[in-house]
Amino acid sequence: MNTQNEYIETFAYDNRIVRNFMLATIVFAIVGMLAGLVIAFQLAYPQLNFGIPFTSFGRLRPVHTNAIIFAFVGNGIFMSIYYSLPRLCKTPMFSRRLGSIHFWGWQLIILLAAVTLLLGYTTGKEYAELEWPIDILITLVWVVFGLNMILTIIKRREKHMYVAIWFYLASFFAVAILHIVESIEIPVSLMKSYPVYAGVQDALVQWWYGHNAVAFFLTTPYLGAMYYFLPKAAQRPVYSYRLSIIHFWALIFIYIWAGPHHLLNTALPDWLQSLGVVFSLMLIAPSWGGMLNGLLTLRGAWDKVRTDPVLKFMVVAVTAYGMATFEGPMMSIKSVNALSHYTDWTIGHVHIGGMGWNGFLTFGILYWLAPRLYQTKLYSKKLANIHFWTATLGILVYAISMYSSGVIQGLMWKAFNVDGTLTYPNFLETVQQIHPLLVFRAVGGSLYLLGSLIGIYNLFATMKVGKLAIVTEASAPSQSTWKKQATEQGHRLLEGRIGVFSVLIVVALVIGGAVEIIPMFSVASNTPTIAAVKPYTPLELEGRDIYIREGCSVCHSQMIRPFRSETERYGEYSKPGEFVYDHPFVFGSKRIGPDLQRIGGKYPDGWHYQHLVAPNSTSPGSIMPPYPWLASHKLDSSLIKDKLKIMRNFGIPYTNTDIDQAPQTLREQAQVIADSLQKASITNAQPDTEIVALIAYLQRLGKDIKNQKQTR
């Protein structure tokens with residue numbers, strides 16, 4: 001609608017969609033943090049697993065990570081974008097209906113994720129555990145979000161796209177590329193699939209995705225939010241426009257290359273490891289450029305930081321971002337990684353980013369946003385300050401305990417006596433040493449959650465006092481006014497052309513991804529084969545699926561690095577050819593328990609049975625949760641023929657006879673293990689139970705390599 005000046009148009013921003021995402025952010029903050037607190041206490045006190053599937057650590061852990069990443073942070077991203085983007089573009093969002101579809105579709109994804117993960121439906125791939133129907137739904141909802149965002153930018157009344165919009169666009173395109181490449185899988189049934197990649201190839205794709213999910217879901221959209229909300233809260237312009245340009249383009253170009261640093265000192269080809277190291281170290285420059293641009297925006301406003309809880313949260317958030325983005329590259333140096341990898345050091349590093357950067361920036365935005373949406377003042381600055389200091393103390397307790405635990409683990413695993421023997425040959429010695437620190441970790445998480453609950457009460461009290469402004473009226477010159485302006489040069493020219501800008505973003509992203517992913521196919525075809533390594537038997541394949549379902553790879557690695565400390569403890573180091581039949585790979589990223597790559601034949605079947613049902617009966621002091629249901633649940637092998645057919649499509653040499661006789665072969669091997677258990681005085685062991693299949697898989701691990709050595 002035109003006003004008296006035909007070039008000035010009035011319009012309204014819809015605040016309901018922002019309110020919806022804000023409420024979802026608050027709700028899932030509680031859910032995600034509570035799940036994290038539960039699993040923290042389970043590590044310290046394994047009896048809290050309660051011996052039932054749905055409350056076991058292996059199933060709750062991916063619920064926690066998905067709830068924090070996609071529910072809490074995800075809704076926080078969309079809350080920030082749906083508020084800031086229309087105001088930066090001086091136009092309402094393109095479509096309220098698309099916004100509603102996006103909101104309810106995203107909440108449906110979160111609900112399905114929680115239910116399926118608790119039921120044990122998982123791909124076993126970190127940050128990408130959801131099965132194929134949900135992956136398709138994620139794709140559709142993401143397209144709806146992207147379409148609404150891009151069409152809003154196209155019809156903007158502001159010629160130049162502000163820096164926050166650059167990061168929003170990069171996040172959309174990067175996540176789309178990552179999700180599609182990572183999620184290529186072949187369904188076996190409605191809730192079971194296998195990735196097309198195998199072994200080392202699958203590991204490369206997974207951590208190219210996993211690292212960049214952190215980069216382009218947990219980082220770049222939040223940098224966009226920082227560039228909008230921090231200057232707003234400080235009432236200061238961004239420190240440097242030029243630094244913003246350097247920060248943006250360098251970050252999105254370099255970040256995509258760094259995924260292999262999650263696989264240092266493993267069976268991944270050396271050239272890929274080196275590539276990951278180089279680009280990880282280069283990441284320090286753009287990351288710290290963004291941090292400094294944020295902190296220097298507060299020049300002249302430090303007195304306000306002392307009194308304004310919003311700025312306190314934001315300052316600590318940006319500082320945590322700087323700490324995490326310095327530490328990450330340092331941990332990507334091979335010698336440092338040799339000590340830190342598989343330890344709690346990595347857990348501490350991740351939570352500095354999650355609790356400090358994402359958590360504090362989200363609460364800072366919430367504290368700034370809620371009073372404006374509800375046309376009132378923040379209910380209590382005192383409560384906000386209590387929240388800040390309680391949560392900050394929680395971060396410190398958590399981080400100190402995890403860094404201390406990680407260093408202790410790394411040093412104990414590598415310690416040798418003067419006679420060349422391992423100082424701590426029993427893995428449990430490490431577990432018992434760090435147990436007090438696991439308790440402190442839970443205490444730190446409790447403080448952080450307590451602070452968050454105080455903050456959430458404060459936010460709801462603010463909403464109750466105020467009244468939602470359903471729309472916010474605004475006016476701006478029409479788009480035709482800036483289209484008539486003279487063409488500009490350099491980056492300002494790009495900011496007026498979303499098509500060219502988007503293409504350049506995609507090119508910057510694809511270059512780094514292509515250099516790593518395209519050779520991935522040659523990595524698969526040129527992986528040196530090991531004649532002794534054979535495909536899994538039907539029973540072993542079923543057992544492997546149970547291993548993945550129960551989250552065993554969350555606590556155990558299957559990757560022996562070429563260090564003397566590891567070969568002395570576990571056996572011969574791992575080679576790429578060992579994993580050619582693994583769909584998906586299960587290298588693991590944390591050793592809460594010992595590596596299992598050579599566990600086959602080390603203990604009798606009866607030991608494994610007792611260890612799974614009552615871990616402390618075989619390993620006193622273990623913090624492993626019990627799995628008694630495996631001994632009573634019947635093995636569902638109805639899909640075994642279909643599973644072998646899919647594996648054959650992947651190039652695994654199963655013959656028609658192997659497939660046709662799979663049910664019989666499975667029963668015969670199960671009976672052999674059941675007979676072995678009977679001889680070990682386990683009289684209630686039945687051959688058609690899940691525990692028998694899992695034992696078959698565990699007893700297989702490493703035997704091919706041992707047989708090869710015997711043949712030599």
Side-chain angles (χ1 to χ4, degrees), residues 27-28 30-39 42 46 48-72 74 104-139 141 182-183 185-195 541-556 583-584 586 588 612-613 624-640 642-643 646 688-694 697:
V27 169
F28 287 116
I30 299 172
V31 173
M33 292 177 199
L34 186 59
L37 186 60
V38 169
I39 62 174
Q42 285 180 332
L48 295 177
N49 286 268
F50 300 117
I52 56 178
F54 314 117
T55 57
S56 68
F57 178 88
R59 296 198 190 184
L60 279 176
R61 196 264 187 176
V63 171
H64 163 60
T65 55
N66 280 267
I68 290 297
I69 295 171
F70 300 110
F72 170 51
W104 291 110
W106 197 256
Q107 310 319 309
L108 177 61
I109 289 167
I110 293 166
L111 176 63
L112 292 174
V115 172
T116 56
L117 289 172
L118 288 175
L119 290 174
Y121 297 114
T122 174
T123 66
K125 303 182 75 173
E126 204 156 358
Y127 312 142
E129 293 94 346
L130 305 182
E131 274 291 357
W132 68 272
I134 306 177
D135 281 340
I136 293 174
L137 182 58
I138 291 170
T139 304
V141 172
E182 164 71 358
S183 301
E185 51 211 6
I186 305 299
V188 181
S189 64
L190 180 62
M191 292 305 296
K192 177 63 184 175
S193 64
Y194 290 114
L541 185 60
E542 293 286 9
R544 191 173 196 272
D545 287 344
I546 294 169
Y547 181 92
I548 292 168
R549 184 193 74 192
E550 299 301 338
C552 300
S553 57
V554 170
C555 297
H556 295 281
H583 295 262
V586 285
L612 288 166
V613 172
M624 175 178 163
Y627 296 89
W629 62 90
L630 296 177
S632 58
H633 285 188
K634 298 298 182 184
L635 176 65
D636 180 7
S637 58
S638 59
L639 296 173
I640 188 59
D642 294 328
K643 290 180 178 181
I646 288 173
D688 58 349
T689 52
E690 292 183 333
I691 198 167
V692 169
L694 183 52
Y697 172 64

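- Atoms CG and CH2, from L111 and W104 in turn, are 11.5 Å apart once rounded to the nearest 0.5 Å.
- Not counting sequence neighbours, the partners of L118 by the side chain to side chain contact (heavy atoms under 4.5 Å, CB included) test are L60, V63.
- In this structure the side chain of D636 never reaches within 4.5 angstrom of the side chain of E690, judged on heavy atoms.
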Side chain to side chain contact (heavy atoms under 4.5 Å, CB included), that's the test. Do T689 and H633 meet it? Break it down for me.
CA-CA 6 Å; T689 52; H633 285 188; over 6 Å; no

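- No side-chain heavy atom of N66 sits under 4.5 Å from any side-chain heavy atom of I110.
- With sequence neighbours left out, the side chain to side chain contact (heavy atoms under 4.5 Å, CB included) criterion links L108 to L112, L137.
- For F57, there are no ring pair (Phe, Tyr, Trp, His ring centres under 6.0 Å) partners two or more places apart in sequence or in a different chain.
- By the ring pair (Phe, Tyr, Trp, His ring centres under 6.0 Å) test, Y697 is found to be paired with Y536, Y547, residues two or more places apart in sequence or in another chain being considered.
- Applying the salt bridge (Lys or Arg N to Asp or Glu O under 4.0 Å) test to residues at least two apart or on different chains, none of the pairs has a partner in residues 106-120.
- I138 meets the side chain to side chain contact (heavy atoms under 4.5 Å, CB included) test with I109, L130, I134, D135, H179; sequence neighbours excluded.
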Side chain to side chain contact (heavy atoms under 4.5 Å, CB included) between E182 and Y127: does it pass, once the steps are laid out?
CA-CA 10 Å; E182 164 71 358; Y127 312 142; over 6 Å; no

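- Contact annotation: the side chain of E129 approaches that of L117 to within less than 4.5 Å [non-hydrogen atoms, C-beta and beyond].
- For D688, the salt bridge (Lys or Arg N to Asp or Glu O under 4.0 Å) criterion is met by K634, not counting sequence neighbours.
- In this structure, the side chains of L612 and L694 come closer than 4.5 Å at one or more pairs of heavy atoms.
- Closest heavy-atom contact between G51 and P626: CA-CG, 4.3 Å.
- Rounding to the nearest 0.5 angstrom, the gap separating the CG atom in L541 from the OG atom in S637 is 11.5 Å.
- Screening residues 54-71 for salt bridge (Lys or Arg N to Asp or Glu O under 4.0 Å) gives R59-E550, R61-E126 as the qualifying pairs, with residues at least two apart or on separate chains.
- Here the side chain of W132 pairs a donor or acceptor atom with the backbone of L190 at under 3.5 angstrom.
- Side-chain atoms of I691 and V613, non-hydrogen and from C-beta on, do get closer than 4.5 Å to each other.
- For H583 (side chain) and P195 (main-chain N/O), a donor-acceptor pair under 3.5 Å exists by modelled atom type.
- In this structure, E131 has no salt bridge (Lys or Arg N to Asp or Glu O under 4.0 Å) partners at least two apart in sequence or on a different chain.
- For the pair I646 and P187, the tightest heavy-atom approach, listed with the atom from each and the gap, is CD1-O, 3.3 Å.
- Residue pairs meeting the salt bridge (Lys or Arg N to Asp or Glu O under 4.0 Å) criterion with at least one partner in residues 49-58, sequence neighbours excluded, are absent.
- The number of heavy atoms from other shown groups lying within 6.0 Å of OH (Y121) does not exceed 12.
- To the nearest 0.5 Å, the span separating CD on E185 from OG on S183 amounts to 5.5 Å.
- Minimum interatomic distance between H64 and G32 (heavy atoms only, all atoms of both residues): ND1-O, 2.9 Å.
- For the atom pair CG (L639) and CG (D545), the distance works out to 9.5 Å, reported to the nearest 0.5 Å.
- Side-chain contact between V141 and W106 is present, with at least one heavy-atom pair separated by less than 4.5 Å.
- Between R544 and V586, some side-chain heavy-atom pair lies under the 4.5 Å cut-off.
- Looking at residues two or more places apart in sequence or on another chain, you find a side chain to side chain contact (heavy atoms under 4.5 Å, CB included) between L48 and F41, Q42, Y45, F50.
- In plain terms, the two heavy atoms of R549 and G120 that are nearest each other are CG-O, 2.9 Å.
- The distance from the CH2 atom of W629 to the CD1 atom of I52 is 8.0 Å, given to the nearest 0.5 Å.
- M33 places a side-chain heavy atom less than 4.5 Å from the side chain of F72.
- Distance alone, capped at 3.5 Å, places no donor-acceptor pair between the S193 side chain and the V188 backbone.
- For the ring pair (Phe, Tyr, Trp, His ring centres under 6.0 Å) test, no residue two or more places apart in sequence or in another chain qualifies with F28.
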